Every structure is written in C-alpha cells, then in structure tokens.
Amino acid sequence: MIHPFQLRMIQTELADVVGEAHVMSKEADRMVYGVDYMWLPRMWVDRGLIPPLPDMVVLPASAEELSRVLTIANTYHIPVTPWGGGSGSQGGAMPVYAGITIDLKRMNRIDEINHNSQTVTAQCGVNGYELESTLNREGYTLGHIPASLHSATLGGYMACRGSGVLSTKYGKIEDIVLACQVVLPNGDIIDTLPLPNHASGPGLHQLFVGAEGSFGIVSKATLRIEKIPQERRFQACLFPSLSNGLEAGRRIMLERLGISVIRLYDERETIKQVKRVLGISVEEGNYMVLGFEGRPDFLDIQEREAMAICEELGAQWLDPEAGWAWWNKRYNFYFPPHCLDLPWMFGTMDTLCTFEQMENLYWTKKRTLEEKYAKWDLEYIAHFSHWYPYGVMVYDRFIIQDPPADPEEALALHNEVWNVAVRTSIACGGVLNEHHGVGLKLARLVREQYGPAFQVLEGFKKATDPVNILNPGKMGFGPTL
Amino acid sequence: MLKTLQEYEHDLYGCRFCPMCKPSSEVANITQVESHTTRARAMMLWRYAAGVAELSRDEIELLYRSTLDSVSEAWCVNHYPVSGYIAAARRSIFSQGRAPEEVKGALEFYTSLKNKGDGDVLLLACEIAQTNEATMLDVALSILEKGGIRARALPLLDGSFAYSLGAEKEARERTSIVAEAIRESGAHTVYCDGPRTQWALTELALILGVELPKDIVIKPFAEVMLKVAQPAASAGKVFFHDCRSAMGLARTLPTDAAILPDCTGPEEVLGTGEVYELPRRVLDALGMERTFSVWNRAMAKSCGADDGLDLTYPELAMELARERIRKVRETGAQKLVTGSPLCAAHMRDALFEDKTYVAWLAELVYR
C-alpha cells in the first residue's frame with residue numbers, strides 16, 4: 001500500500017507529464033471510475049457502499065504521454081487500470097487494486113481515412129459514435145455497430161473483442177482491426193505489423209486485441225472500413241420453434257449468403273422484450289429479424305434464398321416494418337426504463353459454439369439455471385445474434401427480480417450463478433464469453449477455460465509486464481508485485 | 001410547482017448508471033473527464049437524494065461546472081428530466097447556503113443598459129441586458145420601426161439564470177420585477193428579444209407563480225424580422241444555432257432517430273416548434289442556405305451562455321463556445337447565425353479573430 005504522502009509525490013511527477021489539470025485525486029472525480037456497466041459495482045453503489053476507486057485518475061493526450069505515465073507506474077509498482085467509455089459489462093475497468101486509472105478519452109483523434117484502401121486510423125480514445133458519424137459523413141461505416149456505440153471507445157471495442165449488430169456480415173472487431181500501436185508497461189511504444197494477413201510470424205496484434213489492457217495499452221489502431229451500403233433491407237418472421245429458427249440460421253450461414261443480420265429470439269424474449277420495446281404484439285413463437293445490405297442485385301439473391309430457407313422451416317412472415325422497427329430502435333433497449341436495471345439482478349452470459357452444439361447448450365443452460373435457482377425465480381431469456389461460418393453465439397441472460405438486499409449475499413449469489421452458467425457453457429462446447437470480455441467478473445474462470453494453455457498467456461504477461469502493473473486482478477492474473 | 005430533488009429520485013435511479021447520453025455531454029466532451037458526464041452527476045445526485053451521502057464541496061462544484069444539461073434530456077430517447085433534477089439539486093444546495101462563491105457572485109451581475117425608445121409596444125430585452133451591448137438595442141428598435149412598430153426597449157434581467165443557479169427566491173423577485181415593469185408600461189404587446197426571454201416570460205413565470213398582466217400578447221421578435229427581411233446581397237451557407245433555452249418552448253422533442261449515427265435529418269427529428277421554424281423562415285427570406293448538424297434545435301449544444309455558466313465559470317463557458325463554433329465550422333458554414341442576442345455576443349467574445357463569423361439574426365436583417 002502506498003502512503004498518501006508518496007501518492008502526492010507521484011501525482012506531482014504525473015502532472016509533469018500530462019499537466020496538472022489532467023491528474024485528479026479528489027473523490028468527487030474518482031467516484032464514477034469505480035463503476036462500469038457490470039452489475040456488481042452498480043449494486044454496491046445502490047446499497048450505499050463505495051466500490052473500489054483509483055487513487056488518482058490521469059488523462060494522457062498522446063502515446064508519448066501514456067508511455068511516460070506507464071514508465072512512472074512501472075517504476076513505483078503502481079497498478080494501472082485503463083478506462084475508455086466505462087460501458088463494459090464485465091468490470092474490466094474497475095480499479096480493484098486502486099492505483100491509477102488512465103482515462104484514454106483525450107486520445108481521440110481520427111488520424112486518417114484512407115479512401116484508396118478503405119481504412120481508418122484513429123486513436124484508442126475516440127468515442128464510437130463520433131467515429132461512426134465521422135465515417136458516415138465520408139460515405140463509410142466501420143461495420144462495427146455495438147449497442148455501446150454511444151459510450152464505448154475504439155480501445156474499449158478492441159480490449160474486449162467486441163461485436164456489433166452487423167458482425168454476421170462484417171465480423172467482430174478482431175476481424176476488422178488491421179494493425180495497432182501499443183504502449184507497453186515499460187514505456188516502449190510498439191507497432192504491430194501494418195497488415196494482418198502475412199506469413200511473418202504469429203499475428204502479434206491479436207495478442208493485444210481482447211487482452212483488456214493486460215499486456216499493453218492500445219494507443220492507436222488501423223481498421224478496415226466499408227462503404228455505406230447502397231441499400232438495406234429487413235424481413236421479420238416468427239418460427240414455430242426455436243429449433244426451426246436455429247436450423248434456418250445454420251442453413252443460411254452454411255450457404256454463405258453473406259447476409260448482415262440474423263437475430264433469433266427465444267419465445268420468452270420474444271414475448272417479453274420484443275413486444276415491450278418494439279410494440280409488436282406476439283403471443284407465441286420465436287421472432288427472427290433478417291437483415292441484408294449492399295448492392296440491390298446481390299440483396300435480391302440473398303433475400304430470396306434466405307427467405308426460402310426460412311419458409312421451408314415454417315417461418316410466418318411479419319410486415320418488414322417489424323425488421324425496420326428493430327433496426328431503427330436498436331439502441332432504445334439500452335435506455336432506461338427499458339434496459340435491465342436494479343433492483344433486479346441480471347447478467348448477459350453470452351457464449352459461442354458450433355451449430356451442432358448450440359441447441360443442447362441453450363436447453364442445458366436454461367434448464368440448469370432455472371432449476372438450480374428456482375427458489376430465486378431465475379428467468380432465462382435468450383437471443384442468437386452473431387452468426388459465424390461454423391456456429392452461433394447465444395446472447396442469453398438471467399434475471400432474478402428479487403435478489404438479496406444484503407450486498408454480500410447478493411454478490412455471493414451473483415458469482416455463484418455466473419460460475420454455474422459459464423461452466424455449463426464450457427461443458428457444452430462453449431467458451432467463457434463471446435463478445436463482452438472477461439474483466440473482473442470472469443477472471444477467476446480463465447485458468448479453468450484455458451487449462452495448460454494458460455501458461456502461454458502467463459508467459460507473455462511476464463514478458464511484457466513483469467511487475468504486473470496493467471489491469472491487475474483481471475484475465476486470471478494476480479496483483480501488482 | 002418546483003419539485004424537490006427527492007421527487008426526482010426515480011429519475012436519478014434510471015440515469016445513475018446509464019452511459020447512453022455520452023455524446024451529448026457538453027462539458028465532458030471538452031474535458032474528456034468521466035466525472036463531468038451526465039451519468040456521473042446522476043450517480044452523485046442519486047446518492048444525495050437517497051440519503052446515502054451528503055454532497056461534498058467538490059461535488060457541489062461539479063454540480064455547478066455545467067449547464068443544466070438539458071441537451072442530454074433532449075438526446076435521451078425517453079427524455080429523462082436531466083435539467084429538472086440538476087436544477088432541483090442546485091435549489092437544495094443554494095437554500096442551504098452551500099452554493100459556490102462563483103454563484104453568489106453571478107447573482108450580483110447587473111446590466112448597465114437603460115430603457116430606450118418610446119411607444120405602446122414593449123421590446124423586452126432581457127438577453128440583450130445580459131450582454132450589456134447597447135448597439136443590439138438600437139438594431140432591434142430599428143427593425144421594429146421598419147416593421148411599423150414604435151417600441152420602448154426594456155433591458156431588464158429576467159429570472160432565468162437565477163433559476164438555473166438554484167436561487168429560487170431571486171428568480172421569483174426578478175421575474176416579478178419584469179412583470180411589474182410590463183404592467184406599469186401599460187403595453188399590451190410585448191416582443192421578446194430572444195428565446196430565453198420568451199421562455200422566462202411565458203414558462204418560467206408560470207413555474208415560479210408570478211402573475212403577468214392580463215391580456216398581454218407575448219410575441220417573438222423574429223416575427224417582426226420576418227416581416228422586414230429582404231434577400232441579402234451576398235448569401236452564403238450559414239448554420240443557424242438554436243439557443244438551449246428554446247427547448248423550453250419546443251412543441252416536440254427529438255425523436256429516437258436523432259441518436260442514430262447516420263442521422264442526416266430531416267431537421268424536424270431534432271425537435272419542432274415555432275421557436276425553431278420562425279427564425280429559419282427569416283433566413284429563407286434572406287436567401288441563406290443552411291448547413292445541417294444533428295446538434296441543433298432541441299439538441300443544440302450550449303454556446304456556454306446558458307444557465308448562468310457565463311457568469312459563474314466564464315472560462316468554461318468560453319471553452320463551450322469555442323467548441324460549438326469549431327463544430328459549426330465542420331459543417332461547412334461560412335457564418336454562424338443565431339436568434340439569441342446573448343448567444344451571439346458570447347460566441348463573438350470567444351473568437352480571437354474574424355468576429356464576423358458569428359451574427360445575431362437581427363444584425364443580418366438590419367443590414
């Protein structure tokens with residue numbers, strides 16, 4: 001533990017790098033950095049408690065300033081937690097060992113939009129909405145449009161291997177990133193190779209994408225961009241069973257039709273969310289939205305073939321307006337009062353597996369959680385929103401409407417549910433998480449997920465961050481030494 | 001009529017962890033500091049309203065280093081009452097005598113302008129009063145004269161910035177002074193020099209329970225501008241900046257289409273109402289083509305001269321002005337025009353060079 005006097009000395013050193021206005025130690029300024037979008041710190045505040053807070057917050061404006069800040073932290077063995085938009089749901093930005101929270105939002109420049117190669121280079125702190133709006137004005141889209149667009153930063157997208165609503169067509173963020181600049185804990189600023197598809201050794205940039213700031217802090221990245229589609233279309237339907245819906249999605253993907261959106265809701269979520277938010281009255285069935293975007297002649301083929309597959313499996317078509325309603329109101333789900341919120345306990349337990357395993361995974365997880373937590377009236381709802389050439393992810397959630405009032409009991413129950421959920425996913429062929437990341441919430445399960453392969457991550461961590469200053473307590477790693 | 005902060009507890013409960021209005025955060029988007037976001041303030045105020053914690057001196061300063069953040073209210077698809085709860089929090093703090101010294105200083109602001117002109121019609125020049133720019137009064141009176149109206153200008157400070165700073169009693173007193181001045185004048189028609197004046201006279205007076213003289217007709221000054229506007233000699237692309245106070249007079253607030261990153265209009269998705277349409281018709285009459293930004297109408301970002309910020313934290317208010325001008329330039333506009341004389345004066349002050357970039361709409365009509 002660092003004595004407050006020494007902290008004050010270090011604060012002087014940091015102010016020398018970034019300017020006094022960009023080093024904050026007052027509790028009024030630090031409080032919000034203890035709460036991202038994870039349920040636990042929110043519950044903690046709701047119960048009148050104070051979550052883990054950093055000792056100070058520092059806002060560098062460039063990779064050079066970031067480098068000097070990390071050098072100082074490394075010298076004094078101060079834990080460092082990177083912060084982008086604070087919209088992560090896994091507690092990845094919680095400063096559980098105090099120290100310095102580095103707020104990266106001053107590093108928000110869009111350096112270049114390259115029209116010849118259709119790429120964009122931007123600093124990691126650029127806000128998702130600002131980046132997408134800027135690209136739109138130039139006739140492009142990042143193709144990565146997550147629900148957290150308005151609050152997340154580019155660095156945050158990359159830290160957690162995020163996914164957007166159009167990932168089925170354009171890929172997840174790790175598919176879109178071409179190269180990145182990273183600041184290592186020892187202050188070195190490194191660049192990965194300028195392009196990802198090479199035979200020059202392993203893909204170095206992929207060691208940092210998804211590492212949640214554990215190996216280095218991404219300061220800048222180059223990503224591919226897409227032209228704004230000439231046309232966008234939607235269709236919406238109801239399937240008589242989830243099985244039919246999943247099979248329709250599988251066949252569409254295996255035909256490699258290249259459609260942009262497949263969103264399939266289980267019956268519970270169809271009735272609960274779709275009706276409530278979109279105002280579409282549905283009493284039974286499994287709602288699916290299909291999205292197509294690109295050239296009209298390509299869309300004709302995609303639409304025809306995809307709809308034929310769906311019809312073979314008993315799809316009942318709704319007015320395409322239903323699909324447009326989802327698209328146009330896709331962010332509305334995340335504003336109060338529609339978003340899931342306290343006093344309920346809830347979590348999104350997304351995972352991914354192959355097509356052949358998904359139905360079993362879904363029903364096993366649903367049955368396991370609903371039976372085991374029947375006394376808490378645990379509700380399980382799900383939709384399937386990111387599809388891959390080989391499989392599909394399930395965006396499943398648990399909801400407990402009346403969790404324990406006592407914060408310790410609530411924390412214990414929350415963690416227990418997560419243990420069961422994630423272990424069930426893994427046992428059924430899934431992974432720890434599909435696009436929200438590991439953070440604090442799942443850190444204890446990383447070693448279990450990787451088994452002996454974890455030593456590879458551990459070795460890389462020891463090499464890049466021997467003192468373990470970067471985001472300690474996350475990704476299965478321990479505290480700062 | 002004025003709610004306590006506790007009465008907003010349910011709204012604060014919804015806002016306290018929600019990160020969705022980050023793009024609309026005026027101060028946070030300049031400083032990039034998380035504690036300056038709506039979410040941070042909502043969390044802080046929820047803890048206070050729910051009795052979890054008292055507000056520290058630093059937190060009170062955070063509360064005041066901002067406008068009332070009504071732009072976040074407009075942005076939110078469910079229009080949570082952000083400005084309402086910030087105003088309520090300030091009233092609570094002010095009534096306890098805990099408002100920062102800067103607030104107390106702001107309330108001592110006075111205008112050096114004197115009544116001018118003579119006539120049966122009043123020009124209520126509360127915004128101009130806050131600028132202390134006598135030439136603006138002259139411009140306004142000339143336009144009224146061109147429109148066949150003999151008017152007397154009353155440059156009085158209204159209760160709006162006192163209200164915004166949480167000084168409820170002072171706000172009521174100032175509004176009463178304005179009401180009394182109108183009554184004493186015997187005028188039946190009152191033109192308001194800008195949207196804030198109009199809001200203060202129509203909406204704020206009601207909120208504060210101040211009775212206006214019966215049968216007075218309150219009109220926007222832009223109505224007269226429309227009557228006399230002639231096509232300008234050198235028309236160019238302009239950006240029309242809507243004053244934040246105009247949102248209080250809007251007929252509808254932004255639709256949820258406004259938050260989509262590819263929103264390019266139509267403008268009406270950003271809010272509708274005469275307060276927005278009328279000055280635009282004046283620009284049309286002047287033959288000026290307008291550029292578009294999603295940050296306009298009810299979603300206009302503050303120029304800095306809103307909610308008393310220019311009087312409490314003028315450096316911050318100037319930064320907001322510079323940021324606003326910078327964003328307007330990005331739209332390709334050759335000029336920034338506003339229907340608010342206070343916005344125009346403030347933003348001109350923020351420019352180091354080429355102060356002609358910013359104009360009050362009346363100045364274009366006058367030329």
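Naming convention: chains lettered A, B, ... in sequence-line order (proteins, then strands); numbering from 1 in each chain. All of these numbers come straight from a predicted model, not from anything done at the bench.
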### Query
Are the aromatic ring centres of Trp75(B) and Tyr331(A) under 6.0 angstrom apart?
no

Exercise: identify the closest heavy-atom pair between [X] and [Y]:
| X | Y | result |
| --- | --- | --- |
| Ser35(B) | Asp29(A) | OG-OD1, 2.7 Å |
| Leu260(B) | Asn328(A) | CD2-O, 4.0 Å |
| Met43(B) | Val32(A) | CE-CA, 3.6 Å |
| Val35(A) | Phe17(B) | CG1-CD2, 3.9 Å |
| Val52(B) | Gly48(A) | CG1-CA, 3.6 Å |

### Query
Is Glu59(B) salt-bridged to Lys26(A), cutoff N-O under 4.0 Å?
no

### Task
Output yes when a side-chain donor or acceptor of His150(A) lies under 3.5 Å from a complementary backbone atom of Ser24(B), and no otherwise.
no

### Query
Is a donor on one side and an acceptor on the other found under 3.5 Å between the side chain of Tyr13(B) and the backbone of Leu342(A)?
yes

Can you tell which part of [X] gets under 4.5 Å to a heavy atom of chain A, answering side chain, backbone, both or neither?
| X | value |
| --- | --- |
| Met20(B) | both |
| Arg16(B) | side chain |
| Ala40(B) | both |
| Thr31(B) | backbone |

Within the supplied structure, the quantity of interest is the number of heavy atoms (other residues, nucleotides, ligands) at a distance under 6.0 Å from [X] [atom1]; does it exceed 12?
| X | atom1 | value |
| --- | --- | --- |
| Lys227(A) | NZ | no |
| Arg57(B) | CZ | no |
| Glu20(A) | CD | no |

Show me, pair by pair, the donor-acceptor contacts under 3.5 angstrom made by side chains of residues 77-86 of chain B, not counting sequence neighbours?
{"unit_1": "Asn78(B)", "atom_1": "ND2", "unit_2": "Pro336(A)", "atom_2": "O", "d": "2.6"}
{"unit_1": "His79(B)", "atom_1": "ND1", "unit_2": "Glu73(B)", "atom_2": "O", "d": "2.9"}
{"unit_1": "His79(B)", "atom_1": "ND1", "unit_2": "Ala74(B)", "atom_2": "O", "d": "3.2"}
{"unit_1": "His79(B)", "atom_1": "ND1", "unit_2": "Cys76(B)", "atom_2": "O", "d": "3.0"}
{"unit_1": "His79(B)", "atom_1": "NE2", "unit_2": "Pro254(B)", "atom_2": "O", "d": "3.0"}
{"unit_1": "Ser83(B)", "atom_1": "OG", "unit_2": "Glu73(B)", "atom_2": "OE1", "d": "2.6"}

Region of [X] that comes under 4.5 Å of a non-hydrogen atom in chain B:
| X | value |
| --- | --- |
| Arg47(A) | neither |
| Tyr33(A) | side chain |
| Leu142(A) | neither |

Among [options], which residue has the highest count of heavy-atom pairs closer than 4.5 Å to chain B?
| options | value |
| --- | --- |
| Glu27(A), Lys105(A), Arg137(A), Arg30(A) | Lys105(A) |
| Gly125(A), Ser87(A), Gly85(A), Ala147(A) | Gly85(A) |
| Asp46(A), Asn108(A), Leu149(A), Asp103(A) | Asp46(A) |

### Message
For Asp256(B), give me all partners under salt bridge (charged side-chain N to carboxylate O under 4.0 Å, His left out), at least two apart in sequence or on another chain.
### Response
Lys329(A)

Contact winner vs chain A - [options], heavy-atom pairs under 4.5 Å:
| options | result |
| --- | --- |
| Pro261(B), Cys18(B), Cys15(B) | Pro261(B) |
| Val33(B), Leu55(B), Leu62(B), Asp11(B) | Val33(B) |
| Asn29(B), Ile259(B), Val294(B) | Ile259(B) |
| Ser25(B), Gly14(B), Pro19(B) | Pro19(B) |

### Reported CG-to-CD distance for the pair Leu59(A) and Gln32(B), which is rounded to 0.5 angstrom
8.0 Å

### Message
Please identify which of these residues, Arg47(B), Met44(B), Glu34(B), meets the side chain to side chain contact (heavy atoms under 4.5 Å, CB included) condition with Met31(A).
### Response
Arg47(B)

